[in-house]
Amino acid sequence: MSEPVNRVRRALNEAPADLLLDRVADTLAGAYGTTRVQLLQVDYRLSALLPLGDGEPVTGPGHPAWRCFDHQTPIVADDTAYLPVSMRGERRGVLRVAPAPGDPGTLHELAETATALAHEIAAVSAGTDVYRAARRSRRLTLAAEMQWEMLPGRSRIRPSFSLAGQLEPAYAVRGDSFDWSDDGERVWLSTINGTGEGVAAAMLTSLATYALRNARRAGLGLADQAALADQAIYDLHRGDQHLAALLMDLDLRSGVLTVVDAGSPRLVLLRDGEIHQLPLEAQFPLGMFEATDYHEQRFELCRGDRLFVVSDGVVDATGQDVRYGETALDRFLRRTGPMEPLDAVRSLIGDLRAFVADDLVDDAVVVCLDWTGPQD
């Protein structure tokens, strides 16, 4: 690692949480003679790159900053360098640096700087609102604030899998959500199709999410995770409130997918460009009845398989009194094969927004999971 990058890392480690960008700018000015350093963070809708501090949002898809964000590679345009601010597949935004360096080696060092900045922002965000507040183009509802705070991230990449998810309407989502975790050998994914309105819906989803996490972290299998969450919701609401969930556990070496369908969102398999419906055993939603006994199903995935989980807010989206529907959904999902999961999710949400000519009214969640097979 070069000495300038080491200096950036030291500066980031020593910087107050709210002054990360200032310390990066000072270090780059001394090492490379840069005169402008700006952080552009992607907003909650994945539709704008918003500056930290002064500056104009970047919304045009052809802008070099968007090309950097989309392709996750440094872009040089008009004597300005654009570097991906990403870590472990989580795309946070773009670092804009001017003047752009004239040699590839320095550009590579700037890209390492942007990655270091992404890691440090993730590390300090629990203790400051500076970066979260700058990511929003308008105010989040209280329910949406709760939902976004629960998420483990929006995307994740490892050699054996990649996944991404999105909540809509991003600034006003109520009950739909997703959660995931991996340990290098397995990845667990839960998707919730919530019910109710406002904070009440967010609180019900929060209870289910934390109950599932508690069971998962105790080493329980999927069926027992579902049973624990089911009982937690029933104990509080006595069957008056319940929610649908899909729980998945993917063995990253064998490709064996374990599933519990608790009144779940729609699960679609994309294999070799064709859509397949996995024959899930429909079971009761979480919290509907006391002491529900859940059952696991197992499926074998093939290398390169892609799974989509979508809530009913996607299929039921309505524009000009016409329902989006399963046919349109399947047709669109087939076209996502060459895309990375985050791009596939973002494209589907964009297609839905265009279909309804605005933000979605009902909650919708979309999650995409690729299994690329065991890696040495």
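Every value quoted in this text rests on a predicted model; they were computed, and no experiment measured them.
Here the closest non-hydrogen pair linking Ala245 and Leu286 is CB-CD1, 3.8 Å. Here the closest heavy-atom approach between residue Gly175 and residue Asp363 is recorded as N-OD2, 2.5 Å. Of all heavy-atom pairs spanning Ala17 and Val124, the tightest one is CB-CB, 3.8 Å. When all heavy atoms of Ala227 and Thr292 are compared, the pair lying nearest together is CB-O, 4.2 Å. The two residues Glu109 and Pro4 have their closest heavy-atom pair at OE1-CG, 4.3 Å. Nearest approach of Val58 to Trp66, heavy atoms of both residues: O-NE1, 3.1 Å.
Look at Arg353 and Glu168 and you find a salt bridge, because one of the NZ, NE, NH1 or NH2 atoms lies within 4.0 Å of a carboxylate O, short of that distance. Looking at Arg91 and Asp343, a side-chain N of the basic residue comes within less than 4.0 Å of a carboxylate O on the acidic one, giving a salt bridge. Contact check on Asp43 versus Arg135 returns no salt bridge, with no Lys/Arg side-chain nitrogen under 4.0 Å from an Asp/Glu carboxylate oxygen. Electrostatic pairing of Asp182 and Arg158 counts as a salt bridge here, judged by a charged N lying under 4.0 Å from a carboxylate O. Using a 4.0 Å cut-off between charged side-chain N and carboxylate O, Arg10 and Glu3 make a salt bridge. Between Asp249 and Arg216 there is no salt bridge, since none of the side-chain N atoms of the basic residue sits less than 4.0 Å from a carboxylate O of the acidic one. With salt bridges taken as basic N to acidic carboxylate O contacts below 4.0 Å, none links Arg253 and Glu185. Taking 4.0 Å as the cut-off between side-chain N and carboxylate O, Glu145 and Arg132 do not count as a salt-bridged pair.
For CZ of Arg238, the number of neighbouring non-hydrogen atoms (other residues, nucleotides, ligands) closer than 6.0 Å is greater than 12. Surrounding CE of Met150 are more than 12 heavy atoms belonging to other residues, nucleotides or ligands, all under 6.0 Å away. Within a 6.0 Å sphere centred on CG of Asp103, heavy atoms belonging to other residues, nucleotides or ligands number more than 12.
Here NE2 of His108 is found 11.0 Å from CG of Leu83. Values are rounded to the nearest 0.5 Å. In this structure, CD1 in Ile157 is found 8.5 Å from OG in Ser86, a value given to the nearest 0.5 Å. We find the OG-CZ distance between Ser190 and Phe178 to be 10.0 Å, quoted to the nearest 0.5 Å. With rounding to the nearest 0.5 angstrom, the CG atom of Asp79 is 12.0 Å from the CZ atom of Arg36. In this structure, CZ on Arg217 lies 11.0 Å from CD on Gln225, to the nearest 0.5 angstrom. Between the NE2 atom in His63 and the SG atom in Cys68 there is a gap of 11.0 Å [rounded to 0.5 Å].
At least one side-chain heavy atom of Arg335 sits less than 4.5 Å from a side-chain heavy atom of Arg331. Counting heavy atoms from C-beta outward, Val42 and Val94 have side chains that stay 4.5 Å or more apart. In this structure, the side chains of Asp179 and Leu189 stay at 4.5 Å or more apart for every pair of heavy atoms. Between Arg334 and Ile275 there is a side-chain heavy-atom pair separated by less than 4.5 Å. The shortest distance between side-chain heavy atoms of Thr191 and Val365 falls below 4.5 Å. Inter-residue side-chain proximity for Phe332 and Leu348 is flagged as met; some heavy-atom pair is nearer than 4.5 Å. Counting heavy atoms from C-beta on, the side chains of Arg306 and Arg271 never come closer than 4.5 Å. Side-chain atoms of Val361 and Pro169, non-hydrogen and from C-beta on, never get closer than 4.5 Å to each other.
Remark: side-chain polar atoms of Gln231 are paired, donor with acceptor, to backbone N or O of Ala291 under 3.5 angstrom. Of the possible donor and acceptor atoms, none in the side chain of Gln241 sits under 3.5 Å from a partner among the backbone N and O of Ile233. The main-chain N or O of Pro101 is never found under 3.5 Å from a side-chain atom of Thr106 such that the two would form a donor-acceptor pair.
Exactly one residue among Leu280, Ile192, Val259, Asn193 makes a side-chain contact (heavy atoms from CB on, under 4.5 Å) with Ser264. That residue is Leu280.
Two different hydrophobic clusters hold Val345 and Val173 under the rule that ILVMFWY side chains link at heavy-atom gaps under 4.5 Å. Both Val37 and Leu20 are part of a single hydrophobic cluster, where members link through side-chain heavy atoms under 4.5 Å apart. Following chains of ILVMFWY side-chain contacts shorter than 4.5 Å, one cannot reach Phe308 starting from Phe299, and the two form parts of different hydrophobic clusters.
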Full working for side-chain contact (heavy atoms from CB on, under 4.5 Å) between Leu269 and Glu274: CA-CA 8 Å; Leu269 171 65; Glu274 294 299 323; over 6 Å; no
From CA spacing to verdict: side-chain contact (heavy atoms from CB on, under 4.5 Å), Leu12, Thr27: CA-CA 10 Å; Leu12 286 171; Thr27 306; over 6 Å; no
Residue pair Arg156, Glu90: steps toward the salt bridge (charged side-chain N to carboxylate O under 4.0 Å, His left out) verdict: CA-CA 6 Å; Arg156 180 85 162 103; Glu90 177 75 9; over 6 Å; no
Candidate pair Tyr294 and Asp224, rule side-chain hydrogen bond (donor to acceptor under 3.5 Å, both in side chains), full reasoning: CA-CA 7 Å; Tyr294 290 95; Asp224 290 333; over 6 Å; no
Worked check of salt bridge (charged side-chain N to carboxylate O under 4.0 Å, His left out) between Arg266 and Glu326: CA-CA 10 Å; Arg266 178 183 170 93; Glu326 296 179 358; 3.3 Å; yes
Criterion salt bridge (charged side-chain N to carboxylate O under 4.0 Å, His left out) on Asp70 and Arg346, from CA distance to verdict: CA-CA 11 Å; Asp70 290 339; Arg346 182 176 161 209; 2.5 Å; yes
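For Arg213 and Tyr210, the positive end sits near the middle of the six-membered ring, less than 6.0 Å away and at most 45° from its axis.
Not counting sequence neighbours, the partners of Val130 by the side-chain contact (heavy atoms from CB on, under 4.5 Å) test are Asp18, Leu52, Thr128.
With hydrogens and angles left out, the side-chain atoms of Gln166 and Arg154 include a donor and acceptor closer than 3.5 Å. Of the N and O atoms on the side chains of Ser162 and Glu340, not one donor lies less than 3.5 Å from an acceptor on the other residue.
The ring-ring contact (aromatic ring centres under 6.0 Å, His included) pairs that include a residue from residues 4-60 are Tyr44-Trp148, Tyr44-Tyr171, where partners are two or more places apart or lie in different chains.
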